[in-house]
Amino acid sequence: MSCATYTSSAQYDSGATNYGLVAIKSFGLQNEAALGARVEYAFNCYTTFMGEYNRSFVIASDQEEEVYNELALGVNLILFNWYPTTITAGIGYMGNDSSFFEEIEDEAFLAFRTGNFNHGAQIKIRALHQISTPVHIFAELNLKSLGRRYDTFLVGFSYDFNAR
């Protein structure tokens, strides 16, 4: 009788490319939310590079509120792993076209503006859970140097179309 044990210590398989969708809640405005899409590339079992696009919108408001686009690039590393759940943290660049930033620019840390685009950094903390080989769900907290107005909490899923 033979017995095989399978263990994993990775967020994703090395070389995997995952695509995901996210729902986002902003800490800055009570009635602001966003939807987003991301691409994640697992350089190795412990390092994941990410590219994100998010679009904010206002939920049921009588006031004319700002809608803006956000782009982000970053890297996540594993902090803890309790397979099939992994806790990761990362840093990266983020930028958006929010006009509100001009009003709070003096309160921002490590941020600047070029033309109509705001640039800053972000710190990510993510809990990632593998549902099946190609499907992961996650919850993520993003702290952004542009100010608390842009900090977010999100939930989402990612899928690896090339998983075996």
Side-chain angles (χ1 to χ4, degrees), residues 8-61 65-98 100-101 110-111 117-164:
S8 176
S9 60
Q11 4 179 10
Y12 302 118
D13 290 335
S14 183
T17 301
N18 293 271
Y19 304 89
L21 297 174
V22 295
I24 303 165
K25 178 62 184 107
S26 169
F27 289 126
L29 292 177
Q30 184 175 4
N31 61 346
E32 183 179 85
L35 293 175
R38 63 174 51 187
V39 176
E40 303 175 15
Y41 173 71
F43 176 71
N44 57 37
C45 293
Y46 305 100
T47 307
T48 301
F49 296 103
M50 295 182 180
E52 305 172 56
Y53 169 77
N54 304 312
R55 175 132 174 114
S56 75
F57 56 91
V58 177
I59 306 168
S61 175
E65 296 283 344
E66 169 185 51
V67 175
Y68 65 91
N69 300 294
E70 181 176 84
L71 299 171
L73 298 171
V75 61
N76 270 16
L77 300 172
I78 290 178
L79 289 180
F80 306 103
N81 186 42
W82 300 283
Y83 183 77
T85 302
T86 304
I87 307 298
T88 68
I91 59 172
Y93 161 83
M94 60 82 49
N96 66 36
D97 62 357
S98 170
F100 183 76
F101 181 68
L110 192 65
F117 207 74
N118 313 306
H119 306 272
Q122 67 179 350
I123 297 173
K124 298 177 157 301
I125 299 173
R126 175 174 71 161
L128 178 74
H129 183 78
Q130 183 176 4
I131 300 288
S132 65
T133 299
V135 180
H136 294 77
I137 58 172
F138 54 88
E140 185 174 281
L141 175 66
N142 294 307
L143 303 173
K144 302 175 183 177
S145 67
L146 296 180
R148 182 137 174 99
R149 159 73 173 83
Y150 299 102
D151 292 347
T152 56
F153 175 78
L154 59 91
V155 293
F157 75 94
S158 63
Y159 188 86
D160 181 357
F161 289 100
N162 295 321
R164 295 166 188 70

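Atoms considered below: every heavy atom in the structure, side chains included; atoms not considered: hydrogens, waters and symmetry mates. Given the structure is predicted, the values throughout are model-derived calculations rather than measurements.
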Requested in this report: Would you indicate whether Ile91, at its atom CD1, is surrounded by more than 12 heavy atoms from other residues, nucleotides or ligands within a distance under 6.0 Å?
Outcome: no
Query raised in the report: CZ of Phe57: more than 12 outside heavy atoms within 6.0 angstrom?
Result: yes
Residue pair [X] / [Y], side-chain heavy-atom distance below 4.5 Å:
{"X": "Glu140", "Y": "Thr88", "answer": "no"}
{"X": "Val39", "Y": "Thr17", "answer": "yes"}
{"X": "Ile131", "Y": "Ile137", "answer": "yes"}
{"X": "Phe138", "Y": "Leu154", "answer": "yes"}
{"X": "Val22", "Y": "Asn54", "answer": "yes"}

To the nearest 0.5 Å, what is the distance between [atom1] ([X]) and [atom2] ([Y])?
{"X": "Leu141", "Y": "Asp151", "atom1": "CG", "atom2": "CG", "result": "7.5 Å"}
{"X": "Asn118", "Y": "Ser145", "atom1": "CG", "atom2": "OG", "result": "10.0 Å"}
{"X": "Thr86", "Y": "Leu79", "atom1": "OG1", "atom2": "CG", "result": "10.5 Å"}
{"X": "Arg126", "Y": "Glu40", "atom1": "CZ", "atom2": "CD", "result": "4.5 Å"}
{"X": "Ile78", "Y": "Thr48", "atom1": "CD1", "atom2": "OG1", "result": "7.5 Å"}
{"X": "Asn81", "Y": "Ile87", "atom1": "CG", "atom2": "CD1", "result": "9.0 Å"}

Query - Criterion side-chain hydrogen bond (donor to acceptor under 3.5 Å, both in side chains) on Tyr150 and Ser98, from CA distance to verdict - result: CA-CA 10 Å; Tyr150 299 102; Ser98 170; 2.7 Å; yes
Query raised in the report: Can any side-chain N or O of Asp97 pair as donor or acceptor with the backbone N or O of Asn69 at less than 3.5 Å?
Result: yes
Report summary line: Partner of Thr85 under side-chain hydrogen bond (donor to acceptor under 3.5 Å, both in side chains), picked from His129, Gln130, His136, is His129
Which atoms form the tightest heavy-atom contact between [X] and [Y], and what is the distance?
{"X": "Asp160", "Y": "Ala16", "value": "OD2-CB, 3.4 Å"}
{"X": "Ser26", "Y": "Arg149", "value": "OG-O, 3.4 Å"}
{"X": "Ala34", "Y": "Ser56", "value": "CB-CA, 3.6 Å"}
{"X": "Gly90", "Y": "Asn76", "value": "CA-OD1, 3.3 Å"}
{"X": "Met50", "Y": "Lys124", "value": "SD-CE, 4.0 Å"}
{"X": "Ala121", "Y": "Leu110", "value": "CB-CD2, 3.8 Å"}

Query raised in the report: If you measure only the distance, is there a donor-acceptor pair under 3.5 Å linking the side chains of Asn18 and Tyr159?
Result: no
Query raised in the report: Does a side chain donor of either Ser14 or Asn44 reach within less than 3.5 Å of an acceptor in the other side chain?
Result: no
Requested in this report: Step through it carefully: locate the ring centre of Phe153, locate the ring centre of Phe27, and say whether they are under 6.0 Å apart.
Outcome: no
Query raised in the report: When the ring centroid of His119 is compared with that of Phe117, is the distance short of 6.0 Å?
Result: yes
Requested in this report: Go through the steps to decide whether Lys144 and Thr152 satisfy the test side-chain contact (heavy atoms from CB on, under 4.5 Å), and finish with yes or no.
Outcome: CA-CA 8 Å; Lys144 302 175 183 177; Thr152 56; 3.7 Å; yes
